[in-house]
Amino acid sequence: MKRKLSVFIPILILLFLFIVDKIALLPIIVDCCIQPGLEIFFASSRNNEFSVEERVNKIFAQRKKVAFSFGSSLTYGFYFSKSKEYLAVSKKLTPEAQEKSKEWEIINFGIPGSTVISHYVRLSQILERRYKPDLILVELAPNSFNANSPWYTAEIVNAIPLEFAIRHFSEIPFEHLRKIVISRIFVLSNKKLGLPNETYNLLYGYFQKFIYGYGKQEDPETSPKSFRIGEERIANAFVSQFLLQALKLNFTNYKVAPDLAVYANLLLATAKKEKIPIVFWFPALHPLAKKAVSETNTPTLWDKFLKDSPEISKRYVDVNQPENFCDEFMDPMHMGVSCFAKSFPRILEKIEHE
């Protein structure tokens with residue numbers, strides 16, 4: 001009899017832990033005892049939602065050329081391709097560049113902190129809705145493959161829906177599939193006990209505009225204020241220093257994570273299968289950000305990755321080159337809207353001969 005009971009003890013313990021874990025989902029427990037994480041940034045991907053789907057429908061009905069942009073908050077400027085600043089800069093381009101640019105509508109699906117994981121999931125989800133763009137833009141920079149990022153596990157667990165992971169189990173890394181499944185069975189496996197901390201509040205407060213503010217207007221007249229290099233406001237100094245410190249810390253002992261690089265190749269394979277031109281691009285960084293990154297091993301390893309990835313490299317545009325091509329920034333990591341207007345014609349040049 002005792003032997004039979006001993007057999008059930010592990011099962012009972014597991015059942016008890018499972019029940020306690022599910023109690024953590026109760027709102028009263030969440031409010032008092034669960035520390036908010038980065039999952040909020042990936043909610044749209046996990047829920048397979050597109051807040052701009054109505055706009056997408058309108059643009060496709062107009063039969064214009066459409067570019068879908070996928071990236072992190074570094075791509076926010078494409079939300080403002082109808083703003084006064086974007087249009088004013090476009091009018092200063094060469095007549096040829098102006099003509100090319102005005103033929104296009106750009107829909108940005110940027111998610112703060114995201115990497116190629118989210119880009120692949122979001123592209124797959126929008127293609128499954130039978131929206132086929134004329135061009136796919138993908139932000140591709142060292143942060144796209146950085147396993148040292150504080151967003152790394154949060155994105156794997158929260159950006160990939162369970163149903164998506166199961167359907168694509170043969171494509172995505174097994175370790176990612178394992179983390180996703182466990183996170184759905186045991187909620188607390190990727191949660192922290194406690195109240196919001198200062199770092200979370202700062203991150204959430206800074207990036208929430210990229211989720212809730214930018215891109216919600218169909219034709220925004222104004223765009224976020226940016227400043228020329230050397231003319232930044234003193235009021236931005238604290239945020240800038242915080243971002244620079246976080247940037248350097250995240251890229252210390254950098255390596256191109258093989259499990260993340262998988263998704264870049266999946267993006268390329270999807271574009272080829274659907275016969276859609278794809279351009280990978282590296283948004284410009286403020287000189288202070290470039291200096292911070294240059295003091296790590298990142299540039300050397302990034303150059304090696306590009307050299308070892310010829311199919312990606314021939315579709316790649318680095319907006320940091322030539323030097324000073326972009327001279328306006330919101331902060332050390334986010335280039336001004338004016339730079340997006342100047343960059344888009346360069347991106348289009350990549351697909352002219354495909």
Got a second to check how far [X]'s [atom1] is from [Y]'s [atom2], nearest 0.5 Å?
| X | Y | atom1 | atom2 | result |
| --- | --- | --- | --- | --- |
| T298 | F145 | OG1 | CZ | 13.0 Å |
| W104 | L348 | CH2 | CG | 6.0 Å |
| F80 | F340 | CZ | CZ | 10.0 Å |
| C339 | E328 | SG | CD | 9.0 Å |
| I180 | L162 | CD1 | CG | 7.5 Å |

Query raised in the report: Who passes salt bridge (charged side-chain N to carboxylate O under 4.0 Å, His left out) against K272, sequence neighbours left out?
Result: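 If we apply the salt bridge (charged side-chain N to carboxylate O under 4.0 Å, His left out) test to K272, skipping adjacent residues, the hits are E311.
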Query raised in the report: With sequence neighbours left out, what residues match E99 under salt bridge (charged side-chain N to carboxylate O under 4.0 Å, His left out)?
Result: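 Per chain and number, E99 pairs via salt bridge (charged side-chain N to carboxylate O under 4.0 Å, His left out) with K102.
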Query - Of K58, K65, K82, the residue whose pairing with E105 passes side chain to side chain donor-acceptor pair (under 3.5 Å) - result: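 Answer to the side chain to side chain donor-acceptor pair (under 3.5 Å) test with E105 among K58, K65, K82: K82.
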Query raised in the report: How would you list, by chain and number, every residue that makes a ring-ring contact (aromatic ring centres under 6.0 Å, His included) with F60, sequence neighbours excluded?
Result: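 For F60 the ring-ring contact (aromatic ring centres under 6.0 Å, His included) partners, ignoring immediate neighbours, are Y131.
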Report task. State which residues pass ring-ring contact (aromatic ring centres under 6.0 Å, His included) with Y86; sequence neighbours excluded, sorted by chain then number. Result ->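 Once residues adjacent in sequence are excluded, Y86 has no partner under the ring-ring contact (aromatic ring centres under 6.0 Å, His included) criterion.
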Determine all donor-acceptor pairs shorter than 3.5 Å in which one atom belongs to a side chain in residues 246-264; sequence neighbours excluded.
residue: K248; atom: NZ; partner: E295; partner atom: OE1; Å: 2.4
residue: N250; atom: ND2; partner: A246; partner atom: O; Å: 3.1
residue: T252; atom: OG1; partner: K248; partner atom: O; Å: 2.7
residue: Y254; atom: OH; partner: P142; partner atom: O; Å: 2.8
residue: D259; atom: OD2; partner: Y152; partner atom: OH; Å: 2.5
residue: D259; atom: OD2; partner: H176; partner atom: NE2; Å: 2.6
residue: Y263; atom: OH; partner: H176; partner atom: ND1; Å: 2.9

Solution key, residues 109-127 side-chain donor-acceptor pairs under 3.5 Å, sequence neighbours excluded:
residue: S114; atom: OG; partner: G71; partner atom: O; Å: 3.0
residue: S114; atom: OG; partner: I111; partner atom: O; Å: 2.7
residue: T115; atom: OG1; partner: I117; partner atom: N; Å: 3.2
residue: T115; atom: OG1; partner: E155; partner atom: OE1; Å: 2.8
residue: T115; atom: OG1; partner: E155; partner atom: OE2; Å: 3.4
residue: S118; atom: OG; partner: E155; partner atom: OE2; Å: 2.6
residue: H119; atom: ND1; partner: T115; partner atom: O; Å: 3.0
residue: H119; atom: NE2; partner: T115; partner atom: O; Å: 3.3
residue: Y120; atom: OH; partner: E171; partner atom: OE1; Å: 2.6
residue: R122; atom: NE; partner: Q125; partner atom: OE1; Å: 3.1
residue: R122; atom: NH1; partner: E49; partner atom: O; Å: 2.8
residue: R122; atom: NH2; partner: S44; partner atom: O; Å: 2.9
residue: R122; atom: NH2; partner: E49; partner atom: O; Å: 3.0
residue: R122; atom: NH2; partner: Q125; partner atom: OE1; Å: 2.7
residue: S124; atom: OG; partner: Y120; partner atom: O; Å: 2.9
residue: Q125; atom: NE2; partner: S45; partner atom: O; Å: 2.9

Query raised in the report: Is R346 salt-bridged to E349, going by a charged N under 4.0 Å from an acidic O?
Result: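 Salt bridge flag = no for E349 with R346.
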